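Taking it in order: structure first as structure tokens, then the write-up.
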Number of protein chains: 2
Amino acid sequence: MVRTNSSPRLIDVAHASGVSIATASRALSGTPGVSDSVAEKVRQAARELGYVANLHARSLASGSTATIGLVVHEIGDPYFSEIASGVLSLAAEHGRTVQICHTGRDPEAEVEQVRSLVANRVGAILIAGSGFVDASVEAPMRFEVQRYAEAGGRVAVVGRHHLGVDSVLPDNRPGGRAVAEHILGLGHRRIVVVSGSLELTTVADRLEGVRDALDAAGLDAGDVPVLEGPFTREGGRECIRRMLADHPRTTAVIALNDDMAIGCLSQLRSSGVSVPGEVSVSGFDDVAVAQDLSPGLTTVRLPMAEMGARALTLALKEPGSRARRQRVPAELVVRDSTGPAAR
Amino acid sequence: MVRTNSSPRLIDVAHASGVSIATASRALSGTPGVSDSVAEKVRQAARELGYVANLHARSLASGSTATIGLVVHEIGDPYFSEIASGVLSLAAEHGRTVQICHTGRDPEAEVEQVRSLVANRVGAILIAGSGFVDASVEAPMRFEVQRYAEAGGRVAVVGRHHLGVDSVLPDNRPGGRAVAEHILGLGHRRIVVVSGSLELTTVADRLEGVRDALDAAGLDAGDVPVLEGPFTREGGRECIRRMLADHPRTTAVIALNDDMAIGCLSQLRSSGVSVPGEVSVSGFDDVAVAQDLSPGLTTVRLPMAEMGARALTLALKEPGSRARRQRVPAELVVRDSTGPAAR
DNA sequence: CTGAAAGCGCTTACAG
DNA sequence: CTGAAAGCGCTTACAG
């Protein structure tokens, strides 16, 4: 039979170098127990034929894969694309490939994607993005993840609790506290929080931190309106419109992520409100563009790429006897979008 | 033998539903030729067992994969993350999974990544991002891609010529011309182009468009300095510093992508130069954040997500007798970063 | 150090 | 419509 137009197989390499496929396999995968001279001969033949091992066959035979699965809410969102960047870079160093899926923050799509990764028999699954305050929403996800883990799969999450697996957890609450203290320290008292869905644990944690600071300052958290909208730039714009209508005397806006903060800046500008002259605005995450905005965005820095890389590192390690947690410090970065309370 | 802790296999489903694995396979994959009642029984059993087919086995047996490979320069860059977003969304609709790799704009890493995708026997490869003007730099890539295509693989590229495969090509040249005409129309004559590496075809094409406009206006393109730097925000800042030093009377900056334009705005602001009062700035791409900058960025819109989706559509189609090309129109979007030449 | 052979979990002609 | 069997391209005990 003539094999036209298709990739050479291990057996072709074996023939070309005059050894068995067992030896060829060992030589190519670097398994010890092959004489150097033979190994070199095999590698040479492989190179000449342009041989690339079929990873499906390899996975099927060996029962393990070099592929990593990464689940994010939305890859077009800088928070997630920066995490993905950290994962991809480290994965490449380890010779791992990465399969990415995004879920549009839909809990059901999320479960579906995890199932599909399991079907692909990826060696590890990384999940980035907030979980849900309501544990029952997460139950199916938790079930899927646990089943995979019990079958020997490795899982690590970024910014998500409740899943019972290794996790990289940014200091959302201390970060929220730090930024709120900054705002309070500037003398602001008529403050509004611009927030994504309160169903998200990330939002809940950051908000908790803001309340810690209000409490510590002897203020009543109940006096600080929380405007809820989509966790996006458009959500930020929307909330500012509501703020201008319902809380016109506000002097500071604490947005719970940079995307919303960017939307806030944009809407304030369109509405002719000066920042920070009339209203101060802060964000959270420190996405790359935050420093290039005008005014530069005061925010809480999270090292997204590093968080992604750390999650991968956890997943690549042997599992511990129980879930590991790595805290990632959040650092307040003061730029030009916040200033002293004027009025 | 007891199989503990591992996923159910097709044979388990077959046993549970009292049919052969052949029938079970057909029922589950939707191959016609199975009675409805039997098919339903099999599906039911699969559901109860939580069966998920092993895609490696499936690929090996069938010789085809549902996985798509996507190569980008840097996933953290919004241009690419928006393309990726389009690809991921459409892929999910088609039940395809996507493996992403980024290359840091390194031609060698690029080839390596393509080889790894080939090894994974992905069903199609999508490559996004500029090629190189110097064809010899692209030769290895072209070789790899062609070999894959000849072996039956499908390839499509976004914003890249020279690879001899299906392509989605944004109107870089007409876009460059449009934005330059806009700048000229505002009366600017002391113009500077802020540009990524001239080795990149994307840069070369956009620049060509700018020159078209200069020519048409009867100007000498040689009088317009082209400041070259990294195709990033930091590159934009760098170029502005050079511009302020070497071409202080400049009234308009044409940046060849939004990332550089954002860096330009940032550096001009730090340097106390008002935009568009003293200097106008334009970008290219219209990344999501462009409209939320202050001032809003005048730029050339490219529908990145759609371009990604189109490339996938091409790759999913049967190959044509020759490489297909889809042009994507570029649309000038005028915002607040450009204004009449003042001085 | 090397090889023959079983097996990974599917799909798909080939028969019936 | 259904099943027995070959085969996809590897890896890895098991012998030697």
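Per chain, numbering begins at 1; letters A, B, ... match sequence-line order. Everything numeric here is computed off the predicted structure, so don't read it as measured data.
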Only pairs under 3.5 Å count here: list side-chain donor-acceptor contacts from residues 17-24 of chain A, not counting sequence neighbours, and write none if there are none.
{"residue": "A/S17", "atom": "OG", "partner": "A/V13", "partner atom": "O", "Å": "2.7"}
{"residue": "A/S20", "atom": "OG", "partner": "A/A22", "partner atom": "N", "Å": "3.4"}
{"residue": "A/S20", "atom": "OG", "partner": "A/T23", "partner atom": "N", "Å": "3.2"}
{"residue": "A/S20", "atom": "OG", "partner": "A/T23", "partner atom": "OG1", "Å": "3.3"}

Taking the basic N atoms (NZ, or NE/NH1/NH2) and the acidic carboxylate oxygens, is any pair closer than 4.0 Å for [X] and [Y]?
| X | Y | result |
| --- | --- | --- |
| B/R105 | B/D77 | yes |
| B/R43 | B/E40 | yes |
| B/D166 | B/R325 | no |

Inset, instruction - Between B/R121 and B/A39, name the one whose nearest nucleotide on DNA chain D is closer to the 5' end. - result: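 Closest to the 5' end, via its nearest nucleotide, is B/A39.
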Inset, instruction - Taking only the side-chain nitrogens and oxygens of B/Y51, find out if one of them lies under 4.0 Å from OP1 or OP2 of C/dC10. - result: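 B/Y51 to C/dC10 OP1/OP2: side-chain N or O found under 4.0 Å.
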Legend entry - Under-4.0 Å side-chain N/O to phosphate OP1/OP2 contact, A/S35 with C/dT2: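 True: A/S35 side-chain N/O within range (under 4.0 Å) of C/dT2 OP1/OP2.
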Legend entry - Base-pair map of DNA chain D as dot-bracket, where | denotes pairing with a different strand and pairs are Watson-Crick or G-U under 3.5 Å: |||.||||||||.|||
[X] side-chain proximity, nearest of [options]:
| X | options | answer |
| --- | --- | --- |
| A/R58 | C/dC10, D/dG3, D/dC10 | D/dC10 |
| B/A57 | D/dG9, C/dC10, C/dC1 | C/dC10 |
| A/L60 | C/dG9, C/dA4, D/dG3 | C/dG9 |
| A/N54 | D/dA4, C/dG9, D/dG9 | D/dG9 |

N/O-N/O pairs, protein side and nucleotides 12-15 of chain D side, under 3.5 Å:
{"residue": "D/dA13", "atom": "N6", "partner": "A/R26", "partner atom": "NH2", "Å": "2.7"}

Quickly work out the [X] [atom1] to [N] [atom2] distance and round it to whole Å.
| X | N | atom1 | atom2 | answer |
| --- | --- | --- | --- | --- |
| A/L28 | D/dC10 | CG | P | 9 Å |
| A/D12 | D/dC8 | CG | C1' | 14 Å |
| B/R9 | C/dT11 | CZ | P | 14 Å |
| B/H15 | D/dG3 | NE2 | P | 11 Å |
| B/L10 | D/dG3 | CG | P | 12 Å |

For the student: nearest non-hydrogen atoms of [X] and [Y], plus distance:
| X | Y | value |
| --- | --- | --- |
| B/P8 | B/L49 | CG-O, 3.4 Å |
| A/H56 | A/N54 | N-OD1, 2.8 Å |
| B/R147 | A/G50 | NH1-CA, 3.6 Å |

Inset, instruction - Name the nucleic acid region contacted by B/G33, choosing base, sugar-phosphate or nothing; use a 4.0 angstrom heavy-atom cut-off, strictly under. - result: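 Counting heavy atoms under 4.0 Å across all strands, the contact made by B/G33 includes a base.
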Legend entry - Aromatic centroids of B/H102 and B/F80 separated by under 6.0 Å: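 When the ring centroids of B/F80 and B/H102 are compared, they turn out to be at least 6.0 Å apart.
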Inset, instruction - Take atom C1' in C/dT12 and the same atom in C/dG16, then report the distance between them in whole Å. - result: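 Per the computed distance, 16 Å lies between those C1' atoms.
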Legend entry - Donor-acceptor pair between A/T67 and B/Q99 side chains, under 3.5 angstrom: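 On atom types as modelled, these side chains do not qualify, holding no pair under 3.5 Å.
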